[in-house]
Amino acid sequence: QLRLVESGGGLVQPGGSLRLSCTASGFTLDHLGIGWFQKVPDKEREGVSCISGSDGRTYYRESVKGRFTISRDNASNTVYLQMNSVKPEDTGVYLCAAGTLGPDPSHYCSGSDRSTYDYWGQGAQVTVSS
């Protein structure tokens with residue numbers, strides 16, 4: 001079965017840290033572009049960060065630059081999103097997605113077209129609150 005599974009979500013206080021994981025089963029993430037997306041009720045899904053499969057080039061949404069870091073570990077078939085200095089507006093369901101994509105992650109990180117990616121996870125809830 002081909003699956004992407006997110007983990008690591010939860011409740012965190014403002015200013016705290018959290019690390020999300022996106023692990024694939026049934027296929028390898030090597031050479032695939034990966035994206036992390038945020039979904040908030042009554043708002044469109046929005047790209048947070050993406051990483052290319054060819055050279056590891058990264059893209060970050062402006063509001064998370066300097067706070068979030070995307071990385072990949074091919075040995076464990078996992079992509080991570082390290083979230084530091086979190087803010088209440090970071091709250092939402094975080095979904096990861098994977099696909100055969102180009103070298104520039106900025107081209108596929110808007111989140112507006114679900115069909116851009118071949119695989120999607122179910123999402124992990126992140127709540128930033130005191």
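Given the structure is predicted, the values throughout are model-derived calculations rather than measurements. In what follows, residues are counted from 1 in the order of the sequence shown.
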*Please lay out, stage by stage, how Ile70 and Tyr80 fare under the test side-chain contact (heavy atoms from CB on, under 4.5 Å).*
CA-CA 6 Å; Ile70 190 171; Tyr80 301 99; over 6 Å; no

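- Going from atom CG of Leu4 over to atom OG of Ser21 covers 12.0 Å, rounded to the nearest 0.5 Å.
- To the nearest 0.5 Å, atom CZ of residue Arg57 and atom CG of residue Asp104 are 5.5 Å apart.
- Here the straight-line distance linking atom OH of Tyr117 with atom CD1 of Ile34 works out to 8.0 Å at 0.5 Å rounding.
- Separation of atoms OH (Tyr94) and CD (Gln125) is listed at 9.5 Å; rounding is to 0.5 Å.
- When each of Arg45, Arg61, Glu89 is tested with Gln38 by the rule side chain to side chain donor-acceptor pair (under 3.5 Å), just one qualifies, namely Arg61.
- Taking SG from Cys22 and OH from Tyr119, the interatomic distance works out to 12.5 Å, rounded to the nearest 0.5 Å.
- You'll find the side chain of Ser49 stays beyond 4.5 Å of the side chain of Tyr59, heavy atoms only.
- Side chain to side chain, Thr23 and Thr78 meet the donor-acceptor criterion of an N or O pair below 3.5 Å.
- Ion pairing between a basic and an acidic side chain is recognised when a charged N comes within 4.0 Å of a carboxylate O; Arg72 and Asp30 show no such pairing.
- Shown are Leu18, Val12, Leu11; of these, the side-chain contact (heavy atoms from CB on, under 4.5 Å) with Val128 is made only by Val12.
- If you check the side chains of Asn84 and Ser17, you find a donor sitting under 3.5 Å from an acceptor.
- The minimum heavy-atom distance between Val86 and Gln13, with the atom names listed, is CG2-O, 3.5 Å.
- Looking at every heavy atom in both residues, Ser129 comes nearest to Pro14 through C-CD, 3.6 Å.
- Side chains of Gln122 and Arg3: a donor-acceptor N/O pair is absent below 3.5 angstrom, by distance only.
- If you take OG on Ser63 and NZ on Lys87, they are separated by 7.5 Å, rounding to the nearest 0.5 Å.
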